[in-house]
Each structure stands twice: as structure tokens, then as C-alpha cells.
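Just follow the structure's listing: the first ligand is 1, and inside any ligand the first atom is 1. If you're wondering where the values come from, they're calculated on a predicted model, not measured in any experiment.
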Amino acid sequence: MIKTIPTRPIDGQKPGTSGLRKKTRIFQDPGYLENFVQSIWNGIGGLEGKVLVLGGDGRFFNAQAAQIILRMAAAAGAARVIVGRDGLLSTPAASHLIRERGADGGVILSASHNPGGPDGDFGVKYNIANGGPAPEPVTEAIFRASQEVTQYHIVTAPDLDLSSPGTARLHRTEVEIIDPVGDYADLMETLFDFTAIRALFVGGFRMRFDAMHAITGPYAREILQDRLGAPEGSVVNATPLPDFGGGHPDPNPVWAHDLMTLMMGAQAPDFGAASDGDGDRNMVVGRGLYVTPSDSLAVIAANAHLVPGYAAGLKGVARSMPSSTALDRVAGELGIACHATPTGWKFFGNLLDAGLATLCGEESAGTGSDHIREKDGLWAVLMWLNILAARRQSVAEVMTAHWQRFGRNYYSRHDYEEVDAAAANALVSDLRARLDQLAGTRLGQLRVLEAEDFSYRDPVDGSVTTQQGIQIRFAEDARLVLRLSGTGTAGATLRVYLERFVAGPEGLDAEPQAALAEVIAAAEALCGIRTRLGRTAPDVVT
Ligand code: G16
């Protein structure tokens, strides 16, 4: 039976950089999730007769939310919902499944790298038929629907047993429960030289993959250990937990500190990697050497021809504007276009669909290609393994060779988290108001070449997105970007992105924070971040 429940719009159901993210308790408020899900259905023109993919990263409230969404999809007349066992799917696996099954879209339950649990964060994201995050016009339509919603519809039925593959019926909707790992692992086998990677492990190559108690554990075990022969125990923290073991499932040197300690120590294996809550981010680290996401993207682009799935060459590449310009240098040498988009994977979708880019990536630890329409943590790890196998070099040797050839873009991001939102907004808007006067002025040791408020015109659909971050270029081959995060759930987070290029062959081995000291000082001189936000230092430096 379908029940119709009267409701009223709830403020703030506006999807951010990646779906709607809020404190878990907010999502648990009666009607909160239901309002947003109904707004998705309304915003996309209904669900009647459609096929939907559903899954999440297993965080606290995933299981209950999946049952509610199944009942609401049934009430909306969905023909079929394909759901991962126990309501689980990594974000890349969900993207692949939408494409492989020709589904009309998918709902992914995740707040990505944000901590989970009753006091943590939860999130809901809608992906469209190409497998990618809903682009701006769709998220806008969903937001508008959330401001107009007056009722939601839900089937009254007991919870479905999602614990094993099979099919079930919910009202008129068929629910297909699938193994979340198999299809995705098969896709990886089509892209990479599994024989060469297997030979690497047979030859004694050792790695540590830290799944951070999140969704990639089962995927990494199957692919790295079972299919590629990495020794048992190469994948650690491999059982997804609702609270990620109390950790912060963000694969960077700060949050993946156990892995970093191992990789910087005497017992380090040849290769270290980690991924995030929902499996779309990655971290790559060699013995004694952390690889920044921007460098990783550039190395992958420069070496993609060594990997079977990309042997035909790259059509183009894309990066988010704040990501370092290391990629641009590779693209320049390959003679292909390098697109700079606003932050948010949703902006890559059109470029990938139109064949304007094969590889995309972001400084925020996301890398991916046109094999799906999301960033893909394990894919990036396999890319590296394939490149290492083909080049027969260590991570450090690959990096040194890369910097010798292209120069090094020293890069870091300083985050001021959960600061007062009014103060952060004022800082950015005051700076915006001064942009016109900055060119030609000096900030400490650096001279401003140009200053802009980044806006993006999508080359495929012509849509324009404004105010996507303040970008300041210096005459000394340096760059500074400031923007407010769109994924936080408390206060505001100011991100300060710092970059400086050194052509080499000298000066390629500096400590990044030291190499960036003048850019860090310029940021402070420009807008007195620490004074205005009442902080003495950034909370996270990556
Ligand atoms: C999401 C988006 C990414 C973005 C990142 C950080 O990643 O998909 O495109 O770079 O957030 O965004 P912000 O700087 O606005 O916090 P994820 O892994 O959280 O889905």
C-alpha cells in the first residue's frame, strides 16, 4: 500500500560540491531524508517505470536509509532498483553499474571522506544515466523541488532482506540484490595488465593498501589479493565499519598517518595506498615519498600509454582549477587539451561524455578516467601498479624522472576547518572586491600578475558557473587559490591552495612547505587569514 504523508519544505536541502551532506542526526530527523528523496524524484521528473541503482558506503544509517529509499522508489513506480548486498556499493562501482545496466540514475549514500557515526556525517547524492554526479541544472531542479515539496509517498512494507544476492518485490517494483564487487573487479581487468602486475608480486614486490575501515576493503581484497596475488595482509582495515573505526576516512598524510608512518620507516614496502569512505579518493605513497594527488595525476597522464586500456592515447585531460598545473605541462608535451573546471567531479561529466577528456583529476585526491563517471580510488592504485610494472622502477624513481623531465610543481593545501561562516564569507567577499586592484602589486616577495574570481563556461552545454574560487597568479611562477569548501557540515572551511613551479634540474628535492614559504606568506599578507579567522595555523596541511 502506498501512503502519502503531508510535509513542508525544509531549509537548506541544497546539494553542495557532491550531493547533500549533513550531520547524521539531521538526516535521522523524521521526514528529513524522505523530503530530500521525494525532491530528487520530483526534480528529475518522477521515477515511474525507471531503473535505479542504489548503494552506499556502509556508514551509520546506511542500512535504514536504503530501506526508506527502496520503499519510496516503489511508491514512485520505479520498474526496478538494483541494490548492492546489504545496501553497499562504492561510488565508482555504483557509477559503473548505472552505465553497465543502462539504468536511468542512481542514489549513493555517502558523505565520502567525512567521519561517520551518530555524531558524524551522512549524505545522499543523485547520479544521472551517464553514471556521473548530477550536473548543476539537475541539482538546481532538485533544490527547487525541495523548496516546494508538500507531500511524500512511501510504500508500507517490512524491511527487505538485502543480505544475499537475489530478487524481491516491493509493491510493483522489482528489487535486484547484487554482489557489489564482481562487476567492478571485472571492469578493472579490462583496463589493466593484470599479468604484469601479478608478475610484480611474484617477484617480491610488496604493498600496503589501507582501506581505512571503509567500503573499498572488500574490493581491494578481491582485486589486489585474490586476483593479483598480493600477499594476504597487504590490504588492511578491510572490513567496512559504520563509524570507520572512529577514524576520518580521508586518504591524506594527516588522516592516513599509520600508513604514512609505515611508508616513511625502515620496514616500508614498495608501495602504499589508501582510499576514502566511499572509495572514490586515493592516496599514493612510495617508500619514503608521498606523491601529491596533483603529481599523481600528471604521472598517470604522462605514462597512460603504458597501460592497455589507454594505449591508444589520451583525447584530452582535465583538472579542477585549484589542482596544480603539473598536468598542464604534461598535456602541453603530449599536444592535447587540458581543461580547468570548478571543484566538483560533476563538472567533468560533459567533457568525458563528449570525448574531450580521457583522464581527470583533482588536488582533493580524486583521479579517474572515462571508464566511469566518478573518480575512482582503486583505479588510480591499479594505474600506479601497472605503471610501476611497465617501467620497472620504484615510486621515487618514477617521480624523479618525471620532475627532471617536466619540472616540479610544489603544491600544498592549507585548510581552516569549521571556522565562523560569517567571518569566512566576509574574508572571501572582501578579497573579491579588491581583485581589480591587485595586478602589479607586491605581496611580500611575490608580484601579482593577475587576480580573478574563477568562472567556468562548460564547452559542451554552454552553462556558466561563477564564483568558483579566487585565483592569483604571481610573476615568480607561483599561484595562490582561495575558496570555501562545499562539502563541510559545520561552520565554514577555507581552503588555501599554494603552488610554485621549479623548472629544475636544481631545486627539485626541497621540502614542500619550505619551497612554498613565500606563497604562504603572500596569502597571509593578502588577507590576514589567521587574524580574521582567529586561528594560529591551518587545521590540516596536505
Ligand atoms: C567532493 C567532490 C570533489 C571535490 C571534493 C572537495 O569529493 O566530488 O570534486 O574536490 O569534494 O570539495 P570541497 O573543496 O568543496 O570540500 P568527495 O570525495 O568528498 O565526494
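Aromatic ring pairs are classed by plane angle as parallel below 30°, tilted from 30° to 60° and perpendicular above 60°; the pair Tyr310 and Phe192 is tilted. Classification of the Trp379-His371 ring pair by plane angle, with boundaries at 30° and 60°, yields parallel.
Residue-level proximity to ligand 1 for Lys346 is absent, since no heavy atom of it falls below 4.0 angstrom. Here Gln468 has no heavy atoms under 4.0 Å from ligand 1, in either its backbone or its side chain. Only the side chain of Ser112 comes within 4.0 Å of ligand 1, counting heavy atoms alone; its backbone N, CA, C and O stay farther away. Neither the backbone nor the side chain of Glu363 has any atom closer than 4.0 Å to an atom of ligand 1 (non-hydrogen atoms only). Counting heavy atoms closer than 4.0 Å to ligand 1, residue Asn114 contributes nothing at all.
Rounding to the nearest 0.5 Å gives a distance of 4.0 Å between CG of Asn409 and OG1 of Thr325.
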Identify each donor-acceptor pair in which a side-chain atom of residues 522-531 lies under 3.5 Å from a protein atom, sequence neighbours left out, and give them as a table.
from	atom 1	to	atom 2	distance (Å)
Glu524	OE2	Ile529	N	3.2
Glu524	OE2	Arg530	N	3.0
Arg530	NE	Tyr416	OH	3.1
Arg530	NH1	Thr536	O	3.4

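Between Arg532 and Asp430, at least one side-chain nitrogen of the basic residue sits less than 4.0 Å from a carboxylate oxygen of the acidic one, meeting the salt-bridge criterion.
For atom 7 (O) of ligand 1, the nearest non-hydrogen atom of the protein is Lys375 NZ, 2.9 Å. Among protein heavy atoms, atom 10 (O) of ligand 1 sits closest to Ser364 OG, 2.7 Å.
Near Glu362, the atoms of ligand 1 lying under 4.0 angstrom from a non-hydrogen atom of the residue are 3 (C), 4 (C), 9 (O), 10 (O). The contact set between ligand 1 and Gly486, taken as ligand atoms under 4.0 Å from a residue heavy atom, comprises 13 (P), 15 (O), 16 (O).
In summary, of the residues considered (Arg479, Glu450, Arg483), a side-chain hydrogen bond (donor to acceptor under 3.5 Å, both in side chains) with Gln471 occurs for Arg479 alone.
Annotation: cation-pi geometry not satisfied between Lys22 and Phe27 (NZ/CZ under 6.0 angstrom from ring centroid, within 45° of ring axis).
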